[in-house]
There are 2 protein chains.
Amino acid sequence: MSRSNPRVLSTLERAGGFASAQEIYRLMQREGESIGLTTVYRSLQSLVNDKIVDVLRRDDGEAIYRLCGDAHHHHLVCKSCGETVEIEGGAIEKWARVMAEEHGFRDVGHTAEIFGICSKC
Amino acid sequence: MSRSNPRVLSTLERAGGFASAQEIYRLMQREGESIGLTTVYRSLQSLVNDKIVDVLRRDDGEAIYRLCGDAHHHHLVCKSCGETVEIEGGAIEKWARVMAEEHGFRDVGHTAEIFGICSKC
DNA sequence: GCACAAATGAAAATGATTTTCATTCCCATA
DNA sequence: TATGGGAATGAAAATCATTTTCATTTGTGC
């Protein structure tokens, strides 16, 4: 297992905290940083494991990485412009817990996202 | 532009109204239907254009197609053995609707899955 | 039968992501 | 200061879903 290359995180921050692996790679190249695409992917994966960044998916399936606050939250994403709002998921937490218990599951986690068209689009 | 091959739609229905292009293709092959992967993709695209099916994304980015108006449900998945239980998500539906409204989003959909360890594992 | 448009599918192209593997770097210890 | 091993790196190849290309087949109206 490898640790994250700090330049990757700093580039993601500079990119507005929202970019794909390929974009981060291209950005670093353009800025004259010497790094391999492999290292970018590895660093991002490691940041995801450490819960320092979030992964979402563009409509075309490309993964986008984003810095996130440490509190557990969910996302409301605009399918058109990509605007993202972090939202509370209290109801979800309870739902997940109840459903898991009802079916005898333990060590449960969950994912939940809402997507639609924001008011500006 | 091409029209949808009816066997693709019927296979998607038989698959529980929820499958990826590759899965539909493999399913048709296994059932002895003669069809090309290209036609499967083209048919699904056409069904999406006609709003007969929905596209979502798996966590790994693979596109999954779902019959619109199909009874909507969620999954409880065992991380260890893969067993999957279909569950009701009434609470989620309401949560999604409320959150979307609160932030001025429209045409909203959502994804939600719970994963954990089942009682057998 | 004939021409022409639509449908089909094999194979190649594309693009993101992952894997492989040899090399380089770091660092603790002899 | 050597040296040995583990971690980090990146080029190149492999993988996998999806799209494109293009030649062939099929269907339909005339």
Side-chain angles (χ1 to χ4, degrees), chain A residues 1-12 15-67 77 79 82 111 113 115, chain B residues 1-12 15-67 79 82 111 113:
Chain A
M1 214 46 58
S2 67
R3 218 166 293 146
S4 162
N5 180 317
R7 289 176 296 154
V8 170
L9 178 54
S10 109
T11 303
L12 178 57
F18 206 128
S20 74
Q22 302 281 343
E23 285 166 356
I24 291 172
Y25 175 64
R26 284 194 291 267
L27 196 53
M28 293 180 81
Q29 296 251 301
R30 216 175 306 131
E31 290 175 351
E33 299 233 40
S34 163
I35 196 166
L37 186 53
T38 314
T39 302
V40 172
Y41 274 104
R42 264 194 294 242
S43 293
L44 288 170
Q45 259 161 11
S46 152
L47 289 168
V48 169
N49 282 346
D50 295 349
K51 299 192 195 305
I52 294 168
V53 313
D54 252 358
V55 195
L56 297 178
R57 292 272 166 189
R58 292 231 175 91
D59 269 0
D60 67 353
E62 189 175 1
I64 48 182
Y65 300 85
R66 196 174 59 136
L67 287 167
V77 186
K79 281 190 283 195
T111 63
E113 292 202 18
F115 43 89
Chain B
M1 214 49 53
S2 68
R3 216 166 294 144
S4 162
N5 181 316
R7 289 175 296 152
V8 170
L9 179 53
S10 110
T11 304
L12 178 56
F18 209 125
S20 74
Q22 302 282 342
E23 284 165 357
I24 291 172
Y25 175 66
R26 283 194 292 267
L27 196 53
M28 294 179 81
Q29 296 250 300
R30 216 176 304 131
E31 290 174 354
E33 299 232 41
S34 162
I35 196 166
L37 185 54
T38 315
T39 301
V40 173
Y41 273 105
R42 264 194 294 242
S43 293
L44 287 170
Q45 259 160 11
S46 150
L47 289 168
V48 169
N49 283 346
D50 296 349
K51 299 194 193 304
I52 294 168
V53 313
D54 255 357
V55 196
L56 297 179
R57 293 270 166 191
R58 291 229 176 93
D59 269 2
D60 67 354
E62 189 175 0
I64 50 182
Y65 300 85
R66 186 180 62 169
L67 285 168
K79 280 188 284 194
T111 62
E113 293 204 16

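It should be emphasised that the depicted structure is a prediction, and the values quoted were computed from it without experimental measurement. Per chain, numbering begins at 1; letters A, B, ... match sequence-line order.
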Quiz item: Could you state the OH-P distance from A:Tyr25 to D:dT9, rounded to the nearest angstrom?
Solution: 14 Å

Exercise. Sort out for me which residue in A:Val40, A:Thr38, A:Leu44 forms a side chain to side chain contact (heavy atoms under 4.5 Å, CB included) with A:Arg42.
Key: A:Thr38

Quiz prompt | Given C:dT18, D:dG10, C:dT8, the nucleotide with the shortest approach to the side chain of B:Asn5 | solution = C:dT8

Quiz item: Counting side-chain heavy atoms from CB outward, which of C:dT8, C:dT17, D:dT18 is closest to B:Ala63?
Solution: D:dT18

Exercise. State whether A:Gln45 places a side-chain N or O below 4.0 Å from either non-bridging phosphate oxygen (OP1 or OP2) of C:dT17.
Key: no

Practice problem: Name the closest nucleotide to the B:Gln22 side chain, picking from C:dT20, C:dG9, D:dA17. | Solution: D:dA17

Quiz item: B:Leu37 has a side chain; which of D:dT20, D:dT18, C:dA16 sits nearest to it?
Solution: D:dT18

Quiz item: Of all the nucleotides listed (C:dT8, D:dT18, C:dT17), which has the minimum atom distance to the side chain of B:Thr39?
Solution: C:dT8

Exercise. Mind calculating the distance between CG (B:Asp60) and C1' (C:dT17) to the nearest angstrom?
Key: 11 Å

Quiz item: With a 4.0 Å cut-off on heavy atoms, is A:Glu23 in touch with a base, just the backbone sugar-phosphate, or nothing at all?
Solution: nothing

Exercise. Please confirm whether the backbone N or O of A:Glu62 pairs with a side-chain atom of A:Asp60, one donor and one acceptor, at under 3.5 Å?
Key: yes

Quiz item: To the nearest Å, how far apart are B:Tyr41 OH and D:dT21 C1'?
Solution: 17 Å

Exercise. Take atom CD1 of B:Ile35 and atom P of D:dT26, then tell me their distance rounded to the nearest Å.
Key: 15 Å

Quiz item: Roughly how far, to the nearest 0.5 Å, is CD1 of B:Ile24 from OG of B:Ser43?
Solution: 9.5 Å

Quiz item: Of A:Glu23, A:Gln29, A:Gln22, which meets side-chain hydrogen bond (donor to acceptor under 3.5 Å, both in side chains) against A:Tyr25?
Solution: A:Gln29

Practice problem: Take the protein atom CG of A:Leu44 and the nucleotide atom P of D:dA8, then report the distance between them rounded to whole Å. | Solution: 15 Å

Practice problem: Taking B:Asn5 for its side chain and B:Arg7 for its backbone only, find out whether a donor-acceptor pair lies under 3.5 Å. | Solution: yes

Quiz prompt | Spacing of B:Asp59 atom CG relative to D:dA17 atom P, expressed in whole Å | solution = 16 Å

Quiz prompt | Check: D:dA11 base within 3.5 Å donor-acceptor of A:Thr38 side chain | solution = yes

Self-check item: Gap between atoms CZ and P, on B:Arg3 and C:dA7 respectively (whole Å)
Solution: 5 Å

Practice problem: Would you kindly give the CD-to-P distance between A:Glu62 and C:dT14, to the nearest whole Å? | Solution: 17 Å

